[in-house]
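Comments concern the structure below.
Each chain gets a letter, A, B and so on, in the order its sequence line appears, and its residues count up from 1.
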Protein chains: 2
Amino acid sequence: MSTHAVTKSKPSVKARRAKAKKQRRTKAEQRADSSEQILDSAEYLFSKRGLYGVTMRDVAKHVGIHETLVKYYFQNKENLFEAVFARRANVTVSRRMLALEEYERQAGDKPTVEGALHAFLDTDLDLYYYGGEGWMNYAAFGARASNTPEGAAIMDILFDPVVLKLIGILKRALPTHPEENIFWGYHFVTSALMNTLGRTGRIDRLSGGLCHSDDFPAVKKLIARFMAGGFKAIGR
Amino acid sequence: MSTHAVTKSKPSVKARRAKAKKQRRTKAEQRADSSEQILDSAEYLFSKRGLYGVTMRDVAKHVGIHETLVKYYFQNKENLFEAVFARRANVTVSRRMLALEEYERQAGDKPTVEGALHAFLDTDLDLYYYGGEGWMNYAAFGARASNTPEGAAIMDILFDPVVLKLIGILKRALPTHPEENIFWGYHFVTSALMNTLGRTGRIDRLSGGLCHSDDFPAVKKLIARFMAGGFKAIGR
DNA sequence: ATTATCTATAGATCTATAGATAATGC
DNA sequence: ATTATCTATAGATCTATAGATAATGC
């Protein structure tokens, strides 16, 4: 801006960018690519600092693109937040839905709480744990959002189908349980799942290093069994 | 500022303030009072929008004092946040500590998981539910903070003593359980408690109005029993 | 011709600081 | 004399918008 020397250095930046990114991509590809990169960075940043702790500018910087592009693609921050939430929601919902349906078929008219919970919980824990860094970020993102008013409202829309499917099976597995108890039981289950996905490190410090926040396999070994035991204990 | 008419109206504001607030208070009283009011408003606002969703100015406006006073009393936002956390922490910790000690005495050498959990959980739920609006706000404040890195780190410092006390009793009640399982069990317990304290309204909508987020008595009737059933199920 | 990306800039908001005013404290 | 409260203001940061530039698309 100040000297023409600076101005002259610009082409090289653009050349780099062209070499690194373009290589004969269609506009549709470019758009998809930029959009995904923005979502990846937003997911990561929101997982660390929540909706209000991240600015559009933060996201742009993290991606390495110009500030105004984030707005160009997502209009405003709430929109971006919802887009992050929605992007992976279908995958987890349909995976769990399939697992529950598969379990129903296999269990016939004798579904158990533990069986249903294994299908519901293990499937999800595996997805996050073995799905790569992005999925791990999404887990923390969702967990952090889950106990905020804004986040919970979005979860209603995105996750209710699979949750109601689970609850349907639980009701058949526990026909004499009061209905409220089943809902409260689910409330305890999802609390444990969400707090696990959050990986705050608190359990690591509390246990003196015996347990690790990011050891989802360890949680997977216990959570369905634990929760099934819980449901068993609240029959009236 | 612009006309002297505006300037002249000032005394009446001050007169109102003087009438409403002062009435012969010492400076120490004034300081304590302002400080408490700021903490009350910050607690409420942080519970709704988290650390990053609230500005010092928001807090000042909510209290109805001048913007700079919040900084005058608490220096910066992180400090204010920690002060909110700390203000009520001792009350809940010492109440639960007493309840656990009382339970230990009464149970002698045969403590049960459910007994310990009743002491730990019911005591706290009662405090929030019957302690008035401020305590209910604190509950939501702590819940929201609990699955963030910043919040979890503060909870380590404030709540570890009573948590470790509980875990000590659980270990004695479950001498053959692997130690990790007890820590993971506690992780599930605190998840359920925190998510309950958050009162996001999700369970209300999910259950079609059958359950209510702010119905802590309903949770109290189930949570200790549920969790005790869970511990029982993860003996190996 | 359309659209992905960038430049420049205005306005709003937030934090931080220096210093004034008006109480309480001895 | 000390301190609670307020005034005024500077600088940083964030959002929002208009419009330029440089690609891809027919």
Side-chain angles (χ1 to χ4, degrees), chain A residues 1-2 4 6-38 42 45 49 51-81, chain B residues 1-2 4 6-38 42 45 49 51-81:
Chain A
M1 175 118 282
S2 44
H4 54 283
V6 171
T7 310
K8 284 213 173 168
S9 74
K10 271 182 189 169
S12 76
V13 174
K14 278 173 191 162
R16 256 197 299 114
R17 194 176 291 279
K19 192 162 127 191
K21 290 176 76 185
K22 243 190 318 157
Q23 308 189 35
R24 189 139 301 283
R25 294 186 316 160
T26 68
K27 281 188 177 175
E29 282 170 344
Q30 266 188 74
R31 168 169 278 273
D33 219 62
S34 298
S35 189
E36 289 294 303
Q37 279 186 283
I38 292 169
L45 292 170
R49 297 174 47 106
L51 173 60
Y52 305 112
V54 179
T55 66
M56 303 285 268
R57 184 174 285 184
D58 290 336
V59 176
K61 267 186 198 145
H62 195 263
V63 180
I65 56 174
H66 197 270
E67 292 166 26
T68 53
L69 273 181
V70 178
K71 175 176 283 291
Y72 172 70
Y73 279 106
F74 292 96
Q75 268 116 161
N76 57 51
K77 196 162 68 170
E78 286 67 27
N79 216 40
L80 174 60
F81 189 80
Chain B
M1 177 116 284
S2 44
H4 55 282
V6 171
T7 312
K8 283 212 170 165
S9 74
K10 270 182 189 169
S12 76
V13 174
K14 278 175 193 160
R16 258 197 297 116
R17 194 176 292 278
K19 194 163 128 193
K21 289 177 77 188
K22 244 190 316 159
Q23 309 188 39
R24 190 142 301 283
R25 294 185 316 158
T26 68
K27 282 187 179 177
E29 282 169 344
Q30 264 187 78
R31 168 168 278 275
D33 219 61
S34 299
S35 189
E36 288 296 303
Q37 280 186 281
I38 291 170
L45 292 169
R49 297 173 48 105
L51 173 60
Y52 304 113
V54 178
T55 66
M56 303 284 267
R57 182 175 286 183
D58 289 337
V59 176
K61 266 187 197 144
H62 194 265
V63 180
I65 57 174
H66 198 271
E67 294 166 22
T68 53
L69 273 181
V70 179
K71 175 176 283 291
Y72 172 71
Y73 279 105
F74 292 96
Q75 266 116 161
N76 57 49
K77 197 162 66 170
E78 286 66 29
N79 216 40
L80 175 59
F81 189 79

Starting from the 5' end of DNA chain C, give me the residue, Arg31(A) or Asn76(B), whose nearest nucleotide shows up first.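 Comparing both residues, the 5'-ward one is Arg31(A).
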On DNA chain C, nearest-nucleotide positions of Ala28(B) versus Lys71(B): which is more 5'?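 Comparing both residues, the 5'-ward one is Lys71(B).
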Between [options], spot the one nearest the side chain of [X], thanks.
X	options	value
His66(B)	dT15(C), dC6(D), dT13(D)	dC6(D)
Tyr72(A)	dT7(D), dC14(C), dT3(C)	dT3(C)
Ile65(B)	dC14(D), dT15(C), dC6(D)	dC6(D)
Arg57(B)	dC6(C), dT15(C), dT15(D)	dT15(C)
Gln30(A)	dC14(C), dA4(C), dT15(D)	dA4(C)
Leu69(A)	dT15(C), dT15(D), dT5(C)	dT5(C)
Glu67(A)	dT5(C), dT15(D), dT15(C)	dT15(D)

Nearest heavy atoms of [X] and [Y], plus distance in Å:
X	Y	result
Val70(A)	Ile65(A)	CG2-CD1, 4.3 Å
Gly53(B)	Asp58(B)	O-OD2, 4.0 Å
Ile38(B)	Phe74(B)	CG2-CE1, 3.6 Å

Distance check needed: [N] [atom2] versus [X] [atom1], whole Å only.
X	N	atom1	atom2	answer
Asn79(A)	dT15(D)	CG	P	14 Å
Ile38(B)	dC6(D)	CD1	P	11 Å
Lys77(A)	dT13(D)	NZ	C1'	12 Å
Leu80(B)	dA16(C)	CG	P	13 Å
Tyr52(A)	dT13(D)	OH	C1'	19 Å
Leu51(B)	dT15(C)	CG	C1'	14 Å
Glu29(B)	dT5(D)	CD	C1'	17 Å
Arg49(A)	dT13(D)	CZ	P	13 Å

Would you confirm whether Asp33(A), through its side chain, and Gln30(A), through its main-chain N or O, come within 3.5 Å as a donor-acceptor pair?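 No.
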Tell me if a side-chain donor or acceptor on Lys77(A) pairs with a main-chain N or O of Leu51(A) at a distance below 3.5 Å.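 Judged by distance alone, yes, a pair lies under 3.5 Å.
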Answer yes or no: does a side-chain N or O of Thr68(B) lie under 4.0 Å from OP1 or OP2 of dA16(C)?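 The answer is no; no side-chain N or O of Thr68(B) sits under 4.0 Å from OP1 or OP2.
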Reported CE-to-OH distance for the pair Met56(B) and Tyr72(B), which is rounded to 0.5 angstrom: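 Between Met56(B) CE and Tyr72(B) OH, I get 14.0 Å after rounding to 0.5 Å.
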What is the nucleic acid contact for Tyr73(B), judged by heavy atoms within less than 4.0 Å: base, sugar-phosphate only, or nothing?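 Sugar-phosphate, no base atom in range.
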Tell me the partner of dA10(D), counting only Watson-Crick (N1-N3 plus N6-O4 or O6-N4) or G-U wobble (N1-O2 and O6-N3) with both under 3.5 Å; none if nothing fits.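 Matched dA10(D) with dT15(C) under the 3.5 Å cut-off.
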Under 3.5 Å for both donor-acceptor distances, Watson-Crick or wobble: does dA23(D) have a partner, and if so which one?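 Per the H-bond distance test, dT2(C).
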